[in-house]
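Proteins come first, then strands; the chains are lettered A, B, ... in the order of their sequence lines, and each starts at number 1.
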Amino acid sequence: MNPDDIVAGLNPVQREAVVNSQGPLLILAGAGSGKTRVIVHRIAYLIMVREVAPQEIMAVTFTNKAAQEMRERVRAMIGPVAQSMWISTFHSSCARILRNHGDRLGFSAKFSIYADKEQIALLKEVSRKLNLSATMFPAEYLRSAIDNAKNRGVDPDEYALEARQTHNPKSQVVAKVYKLYQESLKENDALDFGDLIFLTVALFNKHPELLESYRERFHYILVDEYQDTNEVQYRLINMLAEPRRNLCVVGDDDQSIYSWRGAQIKNILDFESDYPESKVVRLEENYRSTATILAAANQVIAGNRKRKGKDLWTKNCSGDLVSLFLGSNEADECSYVIKRISTSVREPGDFAIFYRTNAQSRIFEEGLSRRGIPYIIVGGTKFYDRAEIRNLLAYLKVVNNERDGVSLQRILNIPTRGVGKTSVEHLQVYAEENRLSFWETMERLDAEALIRGKARSALLGLRDMILQWRRDQGECKPSQICARIIAEIGFAEWLQKNNDPVQAQTRGENVAELLNAIELWEDEQENPTLAAYLENVALINDDCLSVEEASRVTLMTIHRAKGLEFDEVFLVGLEEGLFPGKRSYEKPELLEEERRLCYVGMTRAREKLHMSACRIRRLYGQTVDSRPSRFLMEIPLELMRREDRHRSSIFKSEASAGAPPKETFSRFQRGVGSQPTSRRKPGPTKKFGLTKSIDQSSPFPQGCRVEHAVFGPGVVAGVKGSGDETKLDIIFRDRGRKLLLLKFANLQKLG
DNA sequence: TTCGGAACCCTTTTT
DNA sequence: GGGTTCCGAA
């Protein structure tokens with residue numbers, strides 16, 4: 001094939017990235033620079049021009065969505081041969097490897113994958129065995145400590161050594177937990193997410209010949225979002241790529257926002273020293289945003305020191321200024337956002353609202369629904385995290401994997417069948433004393449007088465059902481087994497009985513939806529086994545079930561927004577202490593990450609960007625005075641337009657809360673820059689948002705209660721202008737806020 | 001076993 | 001403020 005055909009339509013830099021197919025390559029891909037396009041073309045180039053066999057290429061991403069899109073687009077370019085390529089997430093690539101060779105580490109090919117909830121359940125069991133106090137060592141604390149260790153590539157022995165060396169008593173306890181937890185996982189024939197990667201690395205370390213075989217297989221390795229890789233992922237990739245060094249990493253150091261999950265920005269920053277012979281390509285032309293938005297974003301990110309350095313530019317027009325709205329409180333901020341959405345010619349689906357923390361979403365949700373504007377909140381409790389779904393999945397896991405004790409214990413009394421705490425304890429003790437798995441203990445119920453009465457017969461019944469379902473696996477599809485389980489345990493009836501009618505309804509629907517989802521999945525599979533389905537659920541935990549409608553306003557955290565784009569974006573809550581968050585103050589690295597987060601949020605916008613902050617915010621039940629975020633200060637005033645100038649200071653809290661003068665606000669009022677951290681200046685400071693000169697001679701001064709013939713009762717929030725031009729800013733009790741010309745308003749004074 | 005109320009926590013969460 | 005979790009009482 002003619003190389004020119006492959007690179008046709010790419011800009012010169014993109015071509016560089018595609019054509020440089022041999023040796024290590026770092027592609028610094030700015031936001032909206034056509035990254036995926038480059039990756040896809042690069043793969044096509046390798047196969048079509050360099051005649052690399054597809055199965056010699058491994059492409060790794062972080063999300064299923066990214067993997068899917070990449071796979072789809074490659075297939076569209078080169079056809080079905082793409083099928084034999086490994087394009088998948090870190091986790092599913094590793095799961096695949098471990099299913100093939102996990103026996104060398106003591107796992108079967110059917111191992112269960114434990115998500116957070118199951119990790120916690122197992123950790124509680126471990127804590128109990130070690131007699132740990134749940135207050136001193138909450139399961140969640142242990143979970144994240146162990147998770148961190150795995151991300152760092154630290155095994156239990158190394159962890160114990162670390163703990164001893166640092167004389168940290170708490171860590172020494174965690175070390176014990178970590179060790180026992182790993183043993184328990186093995187007994188349950190289960191792995192957690194961290195294990196998938198870490199144990200793959202361990203497998204390769206322990207069995208060099210296996211590593212060699214994969215090195216032989218994968219001649220070309222490509223990693224997307226390289227800035228988000230953690231230590232083990234880094235090790236994995238680099239060990240595989242070592243002999244041939246055909247490693248292409250794509251990423252953007254300016255969009256590294258997952259350090260708290262173990263991502264190491266240094267991986268991308270140090271790539272050039274890891275591979276001195278490497279080439280670097282910078283994709284800086286942006287095809288997404290207006291020049292104004294980019295200029296603003298560039299200014300913000302320029303405040304970071306630890307970065308490769310990159311300036312996005314575009315041929316797009318300059319577009320609108322960035323709108324800046326400084327509200328009095330979050331209700332005010334919210335109504336600004338909603339007003340802009342409801343008065344726009346755009347469709348709801350063109351808008352997105354991004355916030356730093358999930359807690360901020362509620363007010364927007366309420367406001368939008370009150371106005372009847374369709375919206376979707378991305379995030380929150382996922383489908384597969386709902387209790388009823390997890391219960392059914394636990395059943396399926398038990399059917400699939402005999403040794404999975406965590407899932408078995410979960411379902412013992414679901415639906416309630418009279419197996420209480422004491423019975424479970426008896427079983428646990430017996431299992432422990434006889435070194436049996438939980439399932440083996442259940443098998444001995446006949447022979448041993450372990451448990452008596454109702455619990456005994458219930459357990460025997462459950463055991464027989466499980467045995468039957470396991471036999472069914474031969475001729476039944478997973479969906480049929482699942483349906484059988486639901487029917488035979490009386491799950492629907494139990495849900496009815498134990499929930500209020502509304503909840504019972506949704507839970508029932510969820511169960512139906514699960515069956516539906518399994519069937520959909522089966523339709524796409526050649527060989528739909530239960531084990532395969534369970535892996536799919538564990539790793540591809542996507543919410544394709546909640547159909548993403550294009551016609552709704554999208555609400556999500558900025559973290560979730562990475563990789564997406566919208567015509568018009570509202571970035572809300574830009575306040576010191578919230579964004580950047582308070583916790584980032586002490587550490588410069590954390591502050592830099594917050595700044596990157598801001599940059600990510602801003603660069604999602606195609607045409608119009610709004611940024612807003614509140615003067616007063618209720619947070620965790622407390623009302624706090626806030627100042628605008630330093631990130632706002634970093635944007636040149638020429639790029640912004642204030643959207644709240646006409647507004648007056650109607651909010652008593654502002655005058656009476658005794659808030660210290662906020663010179664940062666005055667920066668926007670007077671058009672003079674000031675440092676966010678500057679000390680308080682002497683003398684009076686203009687109050688933010690206050691109408692410049694209140695006409696004290698107005699018959700209806702600020703705060704005056706009035707009655708309007710049509711709008712009813714209200715309060716004068718502000719007065720503007722004078723004489724015939726006098727306008728009153730009034731908040732009506734029932735009709736919201738209006739700006740009225742005094743001479744026409746025909747107001748009655750009240751009280 | 002199930003409930004209800006007190007106590008607790010509180011960034012972000014690709015897999 | 002609110003959601004979750006945990007413990008004790010019925």
Side-chain angles (χ1 to χ4, degrees), chain A residues 60-68 88-95 113-116 119-120 124 134-135 138-141 143-144 147 150-151 191-198 224-225 227-230 232-233 255-263 330 354-363 378-382 384-385 387 413-424 454-455 458 497-498 535-543 556-564 573 577-585 590 593-594 596-598 600-601 617-624:
Chain A
V60 201
T61 65
F62 276 85
T63 68
N64 293 296
K65 207 173 146 195
Q68 215 176 324
S88 50
T89 64
F90 272 101
H91 293 266
S92 48
S93 309
C94 288
I113 297 174
Y114 282 178
D116 309 21
Q119 283 183 282
I120 296 254
K124 282 186 176 164
T135 13
E140 176 51 40
Y141 167 80
R143 196 199 65 79
S144 69
D147 233 36
K150 289 177 179 178
N151 288 160
L191 276 68
D192 63 25
F193 284 133
D195 284 336
L196 289 174
I197 321 278
F198 187 27
D224 191 17
E225 307 280 16
Q227 78 282 355
D228 289 339
T229 48
N230 63 31
V232 254
Q233 287 160 341
Q255 293 187 66
S256 163
I257 55 177
Y258 281 106
S259 73
W260 46 277
R261 292 212 62 164
E330 56 285 50
F354 300 151
Y355 32 80
R356 177 69 244 262
T357 70
N358 282 307
Q360 291 165 257
S361 73
R362 171 163 293 116
I363 190 161
V378 180
T381 317
K382 289 184 216 114
Y384 288 105
D385 276 344
N413 203 31
I414 287 174
T416 37
R417 45 170 77 92
V419 181
K421 212 196 259 169
T422 9
S423 307
V424 176
K454 197 181 159 204
K497 209 178 82 192
N498 287 283
E535 174 167 326
N536 171 69
V537 171
L539 299 182
I540 312 194
N541 194 358
D542 66 347
D543 272 25
M556 61 172 100
T557 62
I558 308 165
H559 279 91
R560 283 197 170 242
K562 196 173 115 185
L564 305 177
L578 182 64
F579 190 19
K582 237 195 200 87
R583 292 163 189 240
S584 62
Y585 287 178
L590 293 182
E593 181 146 321
E594 295 283 307
R596 292 193 290 267
L597 193 55
C598 184
V600 167
R617 177 173 293 274
R618 285 177 92 97
L619 206 59
Y620 305 133
Q622 282 183 331
T623 306
V624 289

Item to check | Student check: side-chain heavy atoms of A:T557 and A:T357 closer than 4.5 Å | outcome: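 Result no, sub-4.5 Å side-chain heavy-atom pair not found.
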Next on the checklist: Using side-chain heavy atoms (C-beta onward) and a distance below 4.5 Å, is A:N151 in contact with A:F198?
Outcome noted: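 A side-chain contact under 4.5 Å is absent here.
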Checklist entry - Between A:L196 and A:G581, which is nearer to the 5' end of DNA chain B once each is assigned its nearest nucleotide? => result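 Nearest-nucleotide comparison on DNA chain B picks A:G581.
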Item to check | 5' precedence on DNA chain B between A:T422 and A:E593 (nearest-nucleotide basis) | outcome: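 Result of the comparison: A:T422.
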Nearest-angstrom distance from the residue atom [atom1] of [X] to [atom2] of [N]:
X: A:I414; N: B:dT1; atom1: CD1; atom2: P; result: 11 Å
X: A:L619; N: B:dC10; atom1: CG; atom2: C1'; result: 9 Å
X: A:R617; N: B:dC10; atom1: CZ; atom2: C1'; result: 15 Å
X: A:D228; N: B:dT13; atom1: CG; atom2: C1'; result: 12 Å
X: A:I197; N: B:dT15; atom1: CD1; atom2: C1'; result: 8 Å
X: A:Y355; N: B:dT12; atom1: OH; atom2: P; result: 10 Å
X: A:K582; N: B:dT12; atom1: NZ; atom2: P; result: 15 Å
X: A:E140; N: B:dC10; atom1: CD; atom2: P; result: 10 Å

Checklist entry - With rounding to whole Å, what would you report as the distance between C:dT4 and B:dT13 at their P atoms? => result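 It works out to 16 Å between them.
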Checklist entry - Between C:dG3 and B:dT14, how far is it from one C1' atom to the other, in whole Å? => result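 25 Å, rounded to whole Å.
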With the side chain of [X] defined as its heavy atoms from C-beta on, choose the nearest nucleotide among [options].
X: A:W260; options: B:dT12, B:dT1, B:dT15; value: B:dT12
X: A:Y620; options: C:dG1, B:dT15, B:dT2; value: C:dG1
X: A:T357; options: B:dT1, B:dT12, B:dT15; value: B:dT12
X: A:H559; options: B:dC10, B:dT13, B:dT2; value: B:dT13

Would you say [N] has OP1 or OP2 under 4.0 Å from some side-chain N or O of [X]?
X: A:N358; N: B:dT13; value: yes
X: A:T89; N: B:dT14; value: no
X: A:N64; N: B:dT14; value: no
X: A:R618; N: C:dG1; value: yes
X: A:T557; N: B:dT13; value: yes
X: A:R362; N: C:dG3; value: yes

With sequence neighbours left out, write down each residue that passes ring pair (Phe, Tyr, Trp, His ring centres under 6.0 Å) with [X], or none if nothing qualifies.
X: A:F90; result: A:F62
X: A:F579; result: A:F631
X: A:Y258; result: A:W260, A:H559

Next on the checklist: Is a donor from one side chain sitting under 3.5 angstrom from an acceptor on the other, for A:T61 and A:T89?
Outcome noted: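 Result is no, nothing qualifies.
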Item to check | Aromatic ring of A:F90 stacked on base six-ring of B:dT15, 5.5 Å, 30° | outcome: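 Base of B:dT15: not stacked against A:F90.
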Checklist entry - With sequence neighbours excluded, what pairs up with A:R617 under the salt bridge (Lys or Arg N to Asp or Glu O under 4.0 Å) test? => result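 Applying salt bridge (Lys or Arg N to Asp or Glu O under 4.0 Å) to A:R617 gives A:E333, A:E575.
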Looking across every strand, which nucleic acid part, if any, lies under 4.0 Å from [X] by heavy atom: base, sugar-phosphate, or nothing?
X: A:E594; answer: base
X: A:V60; answer: nothing
X: A:N413; answer: sugar-phosphate

Next on the checklist: Going by the rule side-chain contact (heavy atoms from CB on, under 4.5 Å), which residues pair with A:S584 if we only count those two or more places apart in sequence or in a different chain?
Outcome noted: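 A:P580, A:L590, A:L591, A:E594.
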Item to check | Among A:V232, A:I197, A:D192, A:L196, side-chain contact (heavy atoms from CB on, under 4.5 Å) partner for A:K150 | outcome: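 So, applying the side-chain contact (heavy atoms from CB on, under 4.5 Å) to A:K150 and each of A:V232, A:I197, A:D192, A:L196, only A:D192 qualifies.
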Strictly under 3.5 Å: I want the nitrogen or oxygen pairs between protein and nucleotides 6-10 of chain C, one per line.
unit_1, atom_1, unit_2, atom_2, d
C:dC6, OP1, A:K124, NZ, 3.4

Next on the checklist: When you measure only distances, ignoring hydrogens and angles, does the side chain of A:R261 come within 3.5 Å of the base of B:dT15 through a donor and an acceptor?
Outcome noted: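 When only heavy-atom distances are counted, A:R261 does reach the base of B:dT15 through a donor-acceptor pair under 3.5 Å.
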